[in-house]
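Structure first, commentary second.
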There are 2 protein chains.
Amino acid sequence: MAGLRERKKQRTRDALVRAANELFVSRGYERTTVDDIAAVADVSQRTFFRYFAGKEEVAFAIDVMIQERYVESLKARPPHERPITALRNAVEDSWNSIGEAVARIVPLDLHMRMWHLIETTPALTAVQMRNAMDMEHRLALIIAEREGLDVRADPRPQVLVASFSATMRTAMQSWGQGQDLTVQGAREGARGYLEALSPALFDAWRPAAEEAPPRQRCVRRWT
Amino acid sequence: MAGLRERKKQRTRDALVRAANELFVSRGYERTTVDDIAAVADVSQRTFFRYFAGKEEVAFAIDVMIQERYVESLKARPPHERPITALRNAVEDSWNSIGEAVARIVPLDLHMRMWHLIETTPALTAVQMRNAMDMEHRLALIIAEREGLDVRADPRPQVLVASFSATMRTAMQSWGQGQDLTVQGAREGARGYLEALSPALFDAWRPAAEEAPPRQRCVRRWT
DNA sequence: GGTGTTGTGTCAGCCCGTGCCAGTTTGGTG
DNA sequence: CACCAAACTGGCACGGGCTGACACAACACC
């Protein structure tokens, strides 16, 4: 148990996150001012900016936590799994523990609505995309490590992670547009999209004979 | 030839874009104020905001134009090409005509440096990612149309486009980090990454026998 | 040339974000 | 317990992004 100072800081931080999430969800991101958030959390505006670099950052506090957990899950996957399998299984793993971790800071359904707000607020989707990109770099490094590759010389880890991440994002997006806002629904949606990933790139939509197959000698180049 | 009013507007707009690009590149995005841009283009700050919704928008004026051209290229691809082939060929097509189109507004090397600035400025990369996402939706619609699919019911167009786009982005990124900032270099880099795309998802990195193959019965679900 | 439309400049004002300084709380020490 | 140094906080001023309102100038059309 850390000192009083540390605990106090954690409490104000959580209060700010909770206040921000509630205000954002109830009256929208743009229509919420930093002063509002600070007032609800009972601190000054100046203090808010000592905890978060900007208004955007507080909106992604939960997401960042979730991302950290995912990275840990991936690192913990056994090394004999193939890259894409590890990526997929890490999703399943982290989804099991995320719920309660989130609930310790904000109610779960509040976070769901917050996630939906991010998807529908341009200024926030932009930041979300950049965060996703940063994470892709980290994941590519982990995959490259697992496989003993140099991420600078071999594009495959980066490409694989980027495609995987893009697919997950797409799944989450269409899930958010539907009505079923349960975690279970997201999980099943993601499974379906991931299953569509390889065939979509195999291009097994029509009989392959319609077009001459492209030469794929690239495998030799990196082996 | 449009009226004087129309031409004048076009000229101020181009002047603003050019001024902004030059200032951004020379002293950085954050250290350039809107007043600076307006001053160089010889208009008031208020007028700037009548042409562009924000400081970010003027930074992507050229990119938006390029994106429009790419969409046109894709629409013009013959319908017998398979989706991924059409996407790839549209890249080749548009790269042939983009250079001169850009040069009519800003010098080409200035745009190259601007592109590099976007990659290295967090606030701009975020917007770039969102733009890319918006475009993915448009491309998925086009692909779905070509194939006679419903983009809401079948995730494959969205997944394919997302993976393709992510791969292109990755290629552009590693190209920007290198020294060869010629269009030819970008073209060849993109080819290599695209060739890596399918094998990376096939997972042909190690002998497949190490792990039981995942069931892929999904193809049946959408045929 | 007169008239309505459209574009522009000026001004005031809100909000985000930062540097600065003074006041308060906490943790450690004699 | 008293004291001090470190860390945290609040208040203030200010620069910069962005918007609404209004008056004025430039264009288009008759």
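Here is how names work: the chains are called A, B, and so on, in the same order as the sequence lines, proteins then strands, and each is numbered from 1.
Salt bridge B:Asp109/B:Arg113: present, at least one basic N to carboxylate O contact under 4.0 Å.
Here A:Tyr51 lies in heavy-atom contact (under 4.0 Å) with sugar-phosphate atoms only.
Computed from coordinates, the A:Arg13 CZ to D:dT9 P distance equals 13 Å when rounded to whole Å. When rounded to the nearest whole Å, the span between CZ of A:Phe52 and P of D:dT9 equals 12 Å. When rounded to the nearest whole Å, the span between NZ of A:Lys55 and P of C:dT18 equals 14 Å. The CG-C1' distance, from B:Leu23 to D:dG17, rounds to 16 Å in whole Å. Distance A:Arg31 CZ to D:dT19 P: 14 Å, rounded to the nearest Å. If you take CZ of A:Phe48 and C1' of D:dC8, they are 17 Å apart, rounded to a whole angstrom. Atom NZ of B:Lys9 and atom P of D:dA25 are 21 Å apart (whole Å). One atom, CD of B:Glu30, and another, P of D:dG17, lie 10 Å apart when rounded to the nearest Å.
Phosphate proximity of C:dT25 to A:Lys8: absent, as no side-chain N or O sits under 4.0 Å from OP1 or OP2. Distances shorter than 4.0 Å separate some side-chain N or O of B:Thr47 from OP1 or OP2 on C:dG9.
Within the 4.5 Å cutoff, the side chain of B:Arg27 has heavy atoms near those of the B:Asp36 side chain. At least one side-chain heavy atom of B:Asp63 sits under 4.5 Å from a side-chain heavy atom of B:Ile118. Side-chain atoms of A:Tyr70 and A:Leu139, non-hydrogen and from C-beta on, do get closer than 4.5 Å to each other.
Using modelled atom types, one side-chain atom of A:Arg146 and one backbone atom of A:Glu81 make a donor-acceptor pair closer than 3.5 Å.
Contact of B:Arg46 with C:dT8 (side chain to base): no donor-acceptor pair of N or O atoms is detected under 3.5 Å. Residue side chain A:Arg50 does not reach the base of C:dG17 through any donor-acceptor N/O pair under 3.5 Å, judged by distance alone.
For the pair B:Arg5 and B:Asp42, nearest-nucleotide mapping onto DNA chain C gives the more 5' position to B:Arg5. For the pair B:Gln45 and B:Glu6, nearest-nucleotide mapping onto DNA chain D gives the more 5' position to B:Gln45. Comparing A:Glu56 and B:Thr12 along DNA chain C, the residue whose closest nucleotide (by nearest heavy atom) sits nearer the 5' end is B:Thr12.
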